[in-house]
Every structure is written in C-alpha cells, then in structure tokens.
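These numbers come from the heavy atoms of this one structure, side chains and all, not from hydrogens, waters or symmetry mates. Labels below follow one simple rule: chain letters A, B, ... track the order of the sequence lines, proteins then strands, and each chain is numbered from 1.
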2 protein chains.
Amino acid sequence: MPLEMSPASTEHWLEVLEAQGYRLTAPRRVVVEVIAQTDRALSPLAVFDIARIRYPQLGLTTVYRTLEKLEALGLVQLVHQANGCHTYIAAPAGHQHLLICEYCGRTLFFGGDDLGSLIDQIERESGYRVHEHLLQLTGTCPGCHTD
Amino acid sequence: MPLEMSPASTEHWLEVLEAQGYRLTAPRRVVVEVIAQTDRALSPLAVFDIARIRYPQLGLTTVYRTLEKLEALGLVQLVHQANGCHTYIAAPAGHQHLLICEYCGRTLFFGGDDLGSLIDQIERESGYRVHEHLLQLTGTCPGCHTD
DNA sequence: CATGTATTGAAAATGATTATCACTATCACA
DNA sequence: TGTGATAGTGATAATCATTTTCAATACATG
C-alpha cells in the first residue's frame with residue numbers, strides 16, 4: 001500500500017484553476033502556495049495568518065472562498081476535526097484516507113483499495129448502497145512518540 | 001459481520017447515569033428517551049424539538065449537556081456531518097462504525113474488526129501508532145433506493 | 001427541617017462560517 | 001494601448017451552532 005505525503009504542487013494547482021476559468025490573482029496565488037507547501041492540515045484562520053505575512057491586505061473571506069474552490073476541484077481535502085471545525089490539506093489525486101498525528105499534525109495519505117472488500121460485504125449484508133466513505137486515522141507519528 | 005440497529009435501552013442508560021452519580025431528573029429522562037428510541041442520528045436541536053412535546057419547559061442547554069454526558073459514557077455516539085455540525089445516535093457498546101442513509105438518516109452499526117489488519121499494515125509502513133479511527137459510510141438504505 | 005450541592009434554563013457571549021456590497025483588478029476585444 | 005463587462009476582493013455585518021454565565025430551583029443527606 002502506498003503511503004504519500006501531500007505534494008508541493010503550486011504550479012499544477014494554478015494551472016487547474018486557470019483551466020476552470022478562474023483568474024490567477026495575487027490573493028489566490030498566496031493561498032495556494034501556503035496550503036501546497038505543508039504536509040499539515042491547516043484551518044482557514046491558520047492559512048490566513050501565514051499568507052498574510054507575504055500578502056498583508058489579504059482578507060479571511062478570500063481564504064475561505066479559495067479553499068472552497070480547491071476542495072471542489074479535489075486539490076485540497078477537508079479534514080474533520082473533533083470540535084466540528086474543518087481544516088484543509090493538500091490532496092494527492094484519488095487518495096482520500098488520512099493518517100493524522102495528533103501532536104504535530106503531520107498527515108499521510110493512504111489508498112482506499114483495502115476498504116473495497118469490507119464495503120462489498122457490508123452492502124451485501126445490509127442492502128445499503130455505499131456512495132461515500134470517511135476514514136480518518138489518528139495517532140502519533142514517528143517523531144512524536146518516544147518509546 | 002454483525003450489523004446492528006441502535007437499541008432502545010432507556011432503562012439501562014438511566015441506570016448508568018445513576019451509577020455515575022448523576023441525578024435522574026425529568027429533563028434528563030426525556031432526553032434519554034428521545035435519543036434511545038430512534039435509529040436515526042439527531043441534532044441537539046432535533047432532540048430538543050421532539051423532547052419539548054413531552055416536556056415543554058426543557059431548555060436547549062440541558063439537551064447539549066445531557067448529550068455530552070451520554071457521549072462521554074459511550075451510550076451515544078457522535079456522527080460527523082459534512083457541514084461540521086454534529087448529530088448523535090444511540091450506540092451499541094463497542095461498535096463505532098456507521099452506515100448512514102443519506103436520504104432518511106436510518107443508521108446501522110458495524111464492527112471494526114475488519115479494520116484491524118489494515119491498521120496493522122499502515123502502522124508498519126508509516127511508523128505511526130494509530131489510536132483512534134473514524135469510519136463513516138454514507139449511501140442509500142433498502143427503502144430509499146428504487147432500482 | 002436545614003444545608004450544601006447538583007441541575008436547570010433564560011439570556012448573553014463566543015467563534016466559525018457565510019452573506020452583503022461597494023470597490024478593484026483582470027481579461028477579451030476593439 | 002484603452003475600455004468595458006465581469007470576476008474577484010475584503011471590510012463589515014449577519015448567521016448559526018455551541019458554550020458560558022448566573023440566578024433560581026430541586027435534590028440528597030444529615
């Protein structure tokens with residue numbers, strides 16, 4: 001099973017945004033750079049704080065709007081937090097399962113193939129059709145556990 | 001793999017609350033009854049609206065507080081919604097994975113044993129220690145898909 | 001019954017997210 | 001290179017779920 005870190009794909013993302021007809025504005029570039037260049041899930045406010053260092057006139061509203069677009073395009077993935085707030089992380093295509101370090105926030109992705117047989121079995125037994133699944137693992141990364 | 005619906009275990013829940021030193025007050029009884037007697041995940045506001053039919057002087061604050069206690073005791077389980085809000089559903093002990101109908105909200109539980117080998121593998125490959133996992137499947141139940 | 005404590009619920013506060021809206025930047029085309 | 005239509009921006013206000021505050025009440029125990 002391949003384990004991946006989030007990629008630093010600023011240029012690719014900008015191309016995708018452009019191909020969708022979105023304009024490549026300075027605020028969008030800054031937001032894209034911030035979220036593309038970390039392997040941690042960031043809250044909109046965290047993105048805002050980091051991005052404002054480089055682009056002080058940035059508005060929090062624009063951060064929310066840009067993250068929303070990136071998520072709709074599958075470039076960025078939403079991470080569900082226990083408190084109900086959302087954070088976002090750069091997403092490698094087709095990989096939607098997360099392994100999150102509860103101390104430092106470093107996040108790995110892993111493929112969902114292994115869930116296939118489990119889901120097939122559940123569909124047979126329940127009669128449900130499964131359309132979506134949310135799988136997030138939380139624990140400690142090698143740098144954050146001591147034993 | 002056993003599939004279970006949420007149990008109607010009002011009496012058991014009240015015993016657990018009492019054993020914890022909590023008082024069995026009228027507002028708590030009503031909240032417990034409402035959440036124990038449905039197999040759908042309910043928002044605190046939904047619980048409030050239903051419970052008020054029987055107990056009009058109930059406060060929404062008490063609903064939040066009671067659900068919080070029930071969740072801490074493992075009697076009720078939190079369901080993560082896409083919009084970031086939370087709903088709650090009666091939880092059979094030791095079963096924490098959910099299969100939710102996106103139309104009617106009817107929810108089944110299934111065991112997490114099948115995840116064990118996947119998690120073992122991920123721990124070996126990543127070096128992480130996995131402490132918690134969130135798995136929610138969403139789809140349509142037999143009554144809600146037509147084909 | 002008296003007393004200390006848990007509980008309640010109305011109201012206010014909080015905090016994340018979303019909507020509004022006047023202003024600005026960008027792009028296609030003349 | 002203008003220029004106008006339109007997408008985008010960001011300050012501000014609004015919204016909405018949740019939490020806190022606090023005075024009043026209910027309960028348990030001596």
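Among the protein residues, A/L58 comes within range of the sugar-phosphate backbone only, with heavy atoms under 4.0 Å from sugar or phosphate atoms but none that close to a base. Here B/F48 lies out of heavy-atom contact (under 4.0 Å) with every strand.
Under the 4.0 Å criterion applied to side-chain N and carboxylate O atoms, B/R23 and B/E18 are not assigned as salt-bridge partners.
Side-chain contact check for B/T140 and B/E102: no donor-acceptor pair (N or O, by modelled atom type) lies under 3.5 Å.
Separating the NE2 atom of A/H80 from the P atom of C/dT17 is a distance of 12 Å, rounded to the nearest angstrom. Summarising the geometry, the separation between CZ on B/R65 and P on D/dC22 is reported as 14 Å, rounded to the nearest angstrom. Here the P atom of nucleotide D/dG10 and the CD atom of A/E68 are 16 Å apart, to the nearest Å. Spacing between atom CG of B/L45 and atom P of D/dT15 amounts to 17 Å, rounded to whole angstrom units. Rounded to whole Å, atom P of D/dA17 lies 12 Å from atom CD of B/Q81. What separates CG of A/L17 from P of D/dT9 is a distance of 10 Å, to the nearest Å. At whole-Å resolution of the value, CD in B/Q57 and C1' in D/dT25 are 12 Å apart. Nucleotide C/dA16 holds its C1' atom 16 Å from the CG atom of A/L42, rounded to whole Å.
Of the residues near DNA chain D, B/T61 and B/L24, the one whose nearest nucleotide (by heavy atom distance) lies more toward the 5' end is B/T61.
Counting heavy atoms from C-beta outward, A/I122 and A/I119 have side chains that stay 4.5 Å or more apart. Counting only heavy atoms from C-beta outward, the side chains of A/L24 and A/R29 approach each other to under 4.5 Å.
Contact of A/R23 with C/dT26 (side chain to base): a donor-acceptor pair of N or O atoms is detected under 3.5 Å.
Comparing D/dT9, D/dG8, C/dT18 by their closest approach to the side chain of A/P27 singles out D/dT9. Taking every side-chain heavy atom of B/C85 into account, D/dT18 is the closest of C/dT8, C/dT18, D/dT18.
Residue A/T25 places none of its side-chain N or O atoms closer than 4.0 Å to OP1 or OP2 of C/dT26. Regarding contacts with the backbone of C/dT7, a side-chain N or O of B/R28 is found under 4.0 angstrom from either OP1 or OP2.
Here the options are B/V34, B/V63, B/L58, the test is side chain to side chain contact (heavy atoms under 4.5 Å, CB included), and the partner is B/R52; only B/L58 passes.
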